[in-house]
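What follows is a short report on a single structure.
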Amino acid sequence: MGEVVEARQILSAALNDGSFATGPAAASLAATIARTYGSQDEAAPLLRRALEEIIATPFLSAAQAPLAMIESVLSAPEGPVSPGLNARLMAARQHLRPPLQQPVVKIRTLGRPEVSLRGKATKASAALLAALKLGGELDRATLQLQLYPDRSASAAESAVKQDIFRTRKALGADSILSSGPHHNKHYALAPR
């Protein structure tokens, strides 16, 4: 038992002076040492150090394993985690969360028109998106004339409504914004 305490003290001292390890390696070491303690209270300084190392590291994938070890230590059934440790744990989780990907929409109008979202073809209307991109905010009557000049008014209106529905379904409900009363709707691409 005395050997464990002595090893713990040596490793903790090396960790604290900063010469031994930093970043994910330090977080791993601190979490490993913390697991040898009998309670969260005893391990709190090491856990705090490990979480601070995780928050500071740019090496996100390397910090996943130490965070999992810290979470296992903190999930022990001995009571609530201190507010300070909990705040650092939440910050570390946030830091390691991958950034949200913005949708990448490509519109091909030469040849066979096609709209792709992140490289996958969709059923969105390339003509509608191109008209809104080039024309800005357009009313439904203008879209009907631009997209379906050879159709009757009711057929063109129905086709434009269908294009808007399919495009919103493929790219997200907020991809095309609408404003104005029903009989005089205006449409625009959502700013991204």
Side-chain angles (χ1 to χ4, degrees), residues 1-107 114-124 129 132-133 166-179 188-192:
M1 188 68 168
E3 294 167 351
V4 171
V5 172
E6 186 179 335
R8 188 185 303 152
Q9 289 171 344
I10 292 169
L11 289 172
S12 294
L15 185 65
N16 287 332
D17 75 10
S19 62
F20 185 71
T22 59
S28 242
L29 177 60
T32 302
I33 298 168
R35 292 173 86 176
T36 68
Y37 281 95
S39 73
Q40 288 177 11
D41 289 341
E42 291 177 325
L46 287 168
L47 293 171
R48 190 175 301 112
R49 168 71 193 276
L51 289 167
E52 287 169 357
E53 290 290 340
I54 289 171
I55 292 167
T57 187
F59 306 108
L60 303 183
S61 61
Q64 295 290 341
L67 181 61
M69 284 196 305
I70 293 165
E71 288 174 327
S72 74
V73 170
L74 293 176
S75 68
E78 61 181 74
V81 177
S82 75
L85 273 179
N86 196 38
R88 284 180 178 84
L89 179 61
M90 299 307 279
R93 286 178 180 153
Q94 182 68 31
H95 177 66
L96 297 183
R97 185 172 295 138
L100 295 176
Q101 285 187 329
Q102 291 293 325
V104 178
V105 177
K106 292 187 181 179
I107 305 169
E114 180 181 86
V115 177
S116 62
L117 176 63
R118 291 187 203 102
K120 295 181 182 177
T122 70
K123 294 189 183 247
L129 291 171
L132 291 172
K133 182 67 177 168
R166 276 196 335 265
T167 301
R168 283 178 170 161
K169 187 174 181 181
L171 303 179
D174 62 344
S175 59
I176 297 178
L177 304 176
S178 59
S179 61
L189 291 178
R192 293 204 189 240

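Predicted model, so just to flag it, every value in this text is computed and none were measured.
For Gln64, the side chain to side chain contact (heavy atoms under 4.5 Å, CB included) criterion is met by Leu96, not counting sequence neighbours. Residues passing the side chain to side chain contact (heavy atoms under 4.5 Å, CB included) test with Ser179, sequence neighbours excluded: Glu137, His186. Residues satisfying the side-chain hydrogen bond (donor to acceptor under 3.5 Å, both in side chains) criterion with Arg48, sequence neighbours excluded, are absent altogether.
When all heavy atoms are compared, the tightest approach of Arg88 to Ile55 is O-CD1, 3.6 Å. Heavy-atom minimum distance, Leu89 versus Glu71: CD1-CG, 3.8 Å. Glu114 and Ala121 get closest at one heavy-atom pair: OE2-CB, 3.8 Å. Smallest separation of non-hydrogen atoms from Leu129 and Ala124: CD1-CB, 4.3 Å. In this structure, Asp174 and Ala190 approach most closely via the heavy-atom pair O-CB, 2.9 Å.
Checking Val105, Leu189, Ile176 one by one against Leu171, the side-chain contact (heavy atoms from CB on, under 4.5 Å) holds for a single residue, Val105.
The distance from atom CG of Leu132 to atom OG1 of Thr167, rounded to the nearest 0.5 Å, is 8.5 Å. Considering CG of Leu51 and CZ of Arg93, their distance stands at 9.5 Å, rounded to 0.5 Å. With rounding to the nearest 0.5 Å, the separation of CZ in Arg168 from CG in Leu177 is 7.5 Å.
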